[in-house]
Amino acid sequence: MATSIVGFPRLGEFRELKFTTEKYFRGEIEEAALVETAKELRRKHWNLVKKAGISEIPSNDFSHYDNVLDTAFLLNVVPKAVQDLDLTDLERYFALARGYQGEKGDVRALPMKKWFNTNYHYIVPKFEKETKVGLASQKIFEEFTEAKAQGLLTRPVLIGPFTFLQLADYEEGTAATDYLDDIVTTYQAVFERLAELGAEKIQLDEPSLVKDLSPEEKTLFLTIYKKLLADKKGLAILLQTYFGDVRDVYADLIALPIDGLGLDFVEGKKTLDLVSTGFPSDKVLYAGIVNGKNIWRNDYANSLAILEKIPADKVYLTTSCSLLHVPFTTANEELEEEILQHFAFAVEKLAELRELDTILAGGATDSLAANKALFARERVGKNTDLANRIASLTNQDYTRLPAFSEREKLQAERLNLPDLPTTTIGSFPQTAEVRDTRLAFRKGNISAQAYDAFVAKQIDDWIHWQEEVDFDVLVHGEFERNDMVEYFGQNLSGYLFSKNGWVQSYGMRGVKPPIIWGDVTRLQPITVKWSSYAQSRTNKPVKGMLTGPVTILNWSFSREDISIKESTLQIALAIKEEVLDLEAAGIKIIQIDEAALREKLPLRRSDWYEDYLDWAIPAFRLVHATVAPDTQIHTHMCYSEFTDIIPAIDNMDADVISFEASRSNLVILDELQAQNFQTQVGPGVYDIHSPRVPAEGEIDQTIQAILAKVPSRKVWINPDCGLKTRGIKETRESLVRLVEAAKSARQKIQQ
Ligand code: GLN
Ligand code: ZN
C-alpha cells in the first residue's frame, strides 16, 4: 500500500507565514523577503511529510491567502478593476483578498465565505461579462518545479472545475455554462504543462460533490468531466472529495476515466456502503481514514475494521480532508504526557498513516497494541450525576412558558422601552491597553485588585458614554474577555487549552479552539460580577452577555467518545445556571449569542434536522426555558444566511434576535415576513467588519428599508456584530449616527 495526505497546514509551526505576511502588509519587509519565507516553509513542510514516510506528497496546497483565490488567478477569473491595477502579481492577489486603497486605485475585497462545514473561509471568485478564462498564473508549476529541484516528485493539488464553478459568483447575465469550455481547456493546459515538467499525477479537489446535487448540478459535473477527461495530456487524475460522502454520484464517478478517487471514510456516513457496492480494479481508492478535522489520536482497531471491508484492489491511505483544519504539532504543547498522548495534530497524523499502513502489511504489532491499550484505558471519569440529569430531561425542560405573545406584553410593561430601541451587540473596542492589561494580569505582573479596578474603569467610562449618547439598552463592553468561547471554557470543568493549537480561519488569521476534554459543568458564576457591576452604574437596563451552548461547542474541538449532542447539552446546563444567576442578580435582559449556530449544519439539506437542528435548537431552549416571563432573552447571529432555516430559528423561542444584515440586501426580511416570524428583530444597520463610518443619512435609509418590511414595534436598531476589533473613534462616531438615525425614524413613526 501507499500513503498520502490531502494537504498540509501552511501557516507554519509557529505561524511564521502569518507574522511575515503581516510585516509585509505593514511595509516593514519587501515582497522578496515574504516570497523567501514562503519558500522556506514549503521546503520544511514537504520534508516533514517525506521524513514521515508518506509516499505521495502534495504540492500547491500552499497559499499566500486562500486556494480558491489561487485558482481564480490561475484561471484568470479576476475582476477587471483588479486586472487594471498597476501592481505586481502578488500585490494584485492581495488586493483581491483584502481590498486596495492607495495611489494606484481603490478596489474592494471580494467577499469571503465559510469553506463547507469548517471554520476556514475562502474568497468567492467573481465571473464578469468581460472575464476571459485562460491560463494566467505560474504558481502551480513553480511550486512543482521547486519541489522537484529538492528531489521530490509531488502531486500538485488544484480546486476542481466543478467546485470552482459552484462556489463562484456570477455577474448578472452570466452563468457557469458560459465559461465551461474555456475552463476545461485551461485545466487541460495545466495538465499539459505539468506533464512537460515531469509530473505524473494531479489532485483535483471536488468537495462540492458531497452536497445534495440537483439533476442540473449533476449534469454540469458530468459534462465538465467528460470533456476534461477526454484528453488528460498524459497525467493521472486523482479526483479528491471530502467532508462527506458522494452518494449522488458514486456510480458515475467509478465509471469515469479517472485514475484515483479520494473518499472520506470519517465524515462520509455512506462512504463504506457505497464502496461495498464495488470499486473498479483500474482505479486507486484513496481512503480518507485519518480525521483531518479533529485532534484526537486515530483509533486503529476502528480504522482497520473499516479498511478490511473495502473491496478495492488498490487502496492508498490518506486523510479525510486537508490537514489545514488541525494545528501543526503537539510537540510544542506543555500538557502532561498522560493527556498529550491522546492527541494527534498534523505532524502526528502523518505518523499514524504510516503506522496504519505498516499494520495492514502485518508489521508494527507493538504500535497496534499500544493504540488499543490507549483506547481501552478510561481517559476521563464520567460524571454520572450529570448524565442522569441529561437523561431525565423532559419536554418541559425545553419549553418556555407562557408563549411569546404573552411574554412580549409583560416585557414591554416591565422594560418600558421606546419604539425602535437602540443597543449594541456586546463588545466595545479591545484596545491595546485592554489586551496588555489582561496579559499583565495573567502573567502575574499586576494584582487581581489592580486588574479589577482597570476593568471597572472601562465599564464606568463606557456606561457613561452610552448614557450620554442615549442608548436604550446598554452593555458592559466585554473588556474582561479575550474570546467569547475561551472565556467561558476557562470557567467550565472539562476544558483544556493548547498553547500553539492554531488553525487557519481566514487569510493569515488563525483561531485557537479550546479542547473539550471531559464532562462539562460550570465551576463558578462567570459573568455575574461584571454584569451586575455595570447594572449598578445606571438606571437603564444593561444586557447580560453570554455565549450559547451550540456556539461554544462549534468553536471548540469536540470529544469523540460521546456525541456532540451530549456535550452540547452539558454546556447548555452550565450556561443555564449562569442565566438563572444573572436573572437573580436583577439583570432584566440576557443575550445568549449563537454566532456559530450554522457552523455544524450538515452539508446535505436532507440531514439538517435529524442530524443537527433537532437537538441543537432544543439545547438553546434548555438554557432559557425557566426564566421569568418578563426576563427578555436576546440572541445574536453573525450572518444573515438563515432564510432556509427560519422555522428552526423561530424554534429557539428567543424574544429578540440580532443578526448581520447591512451588507446583504435585507432579503432575509422578506422571508421573515413571508414565514410570519414573530420574534423581534435587530437587523444590523451598519457593517462593523470595516473601519468605515457610515455616511450621513446612510443608516437612516437602512432603517427605512427595514421598516418597509417589518412592523416598527418589532424592530431594534443595532450594529451588525460586536465592536471589539474596531477602533474607539470610528466606533463612537458610527454609534452616534446610529442613535440619531433611530431617533429620527422614531419621530417619523409617531407622526
Ligand atoms: N457578544 C459578542 C460581541 O459583541 C458577539 C460576537 C460575535 O457575534 N461573534 O463581541
Ligand atoms: Zn456577530
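All heavy atoms count here, side chains included; hydrogens, waters and symmetry mates do not. In each ligand, atom 1 is the first atom listed, and ligand 1 is the first ligand listed.
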What I want to find out is whether Lys714 reaches Glu408 closely enough, with some N-O distance under 4.0 Å, to be called a salt bridge.
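A salt bridge is present here (some side-chain N lies under 4.0 Å from a carboxylate O).
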Does the distance from a Lys or Arg side-chain N to an Asp or Glu carboxylate O, for Glu480 and Lys529, drop under 4.0 Å?
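Salt bridge: no.
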Below 4.0 angstrom from a heavy atom of [X], which ligand 1 atoms are there? Numbered from 1 as shown, please.
X	value
Gly722	3 (C), 4 (O), 10 (O)
Glu478	1 (N), 2 (C), 3 (C), 4 (O), 10 (O)
Cys721	7 (C), 8 (O), 9 (N)
Gly426	4 (O)
Met545	1 (N)

Give the ring-plane orientation class for Phe497 versus Tyr495, where under 30° counts as parallel, over 60° as perpendicular and anything between as tilted.
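Phe497 vs Tyr495 ring planes: parallel.
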For the residue pair Trp462 and Phe428, does the interplanar ring angle fall in the parallel (under 30°), tilted (30 to 60°) or perpendicular (over 60°) class?
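It falls in the parallel class, under 30°.
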Considering non-hydrogen atoms of the protein only, which is the closest contact for atom 6 (C) of ligand 1, and what is the distance?
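The closest one turns out to be Met484 SD, 3.5 Å.
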Considering heavy atoms of the protein only, find what lies nearest to atom 9 (N) of ligand 1 and give residue, atom and distance to 0.1 Å.
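Residue, atom and distance for the closest contact: Cys638 SG, 3.2 Å.
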Is it the side chain, the backbone, both or neither of Ser427 that has a heavy atom closer than 4.0 Å to ligand 1?
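Answer for Ser427: both.
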Where's the contact between His636 and ligand 1, heavy-atom distance under 4.0 Å: side chain, backbone, both or neither?
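It is the side chain that touches ligand 1; the backbone stays farther off.
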Is Pro549 close to Glu594 at the side-chain level, that is, under 4.5 Å between some pair of heavy atoms?
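The answer is yes; the side chains approach within 4.5 Å.
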Under the ring pair (Phe, Tyr, Trp, His ring centres under 6.0 Å) criterion, do Phe659 and Phe642 qualify, and how do the steps go?
CA-CA 10 Å; Phe659 51 89; Phe642 52 83; 5.2 Å; yes
Please find out if less than 6.0 Å separates the ring center of Phe94 from that of Phe25.
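When the ring centroids of Phe94 and Phe25 are compared, they turn out to be within the sub-6.0 Å range.
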Determine, using ring centers only, whether His325 and Phe116 are less than 6.0 Å apart.
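When the ring centroids of Phe116 and His325 are compared, they turn out to be at least 6.0 Å apart.
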Using heavy-atom distances, let me know which of Ile688, Thr424, Asp720, Asp593 sits nearest atom 1 (N) of ligand 1.
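It is Asp593 that holds the nearest heavy atom.
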Are any of the N or O atoms of Gln591 closer than 3.5 Å to those of ligand 1?
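No - when backbone and side-chain N and O of Gln591 are compared with those of ligand 1, no distance drops under 3.5 Å.
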Using the Zn ion (ligand 2) as the apex, give the angle to atoms SG (Cys638) and SG (Cys721), rounded to 10 degrees.
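An angle of 120° at the metal.
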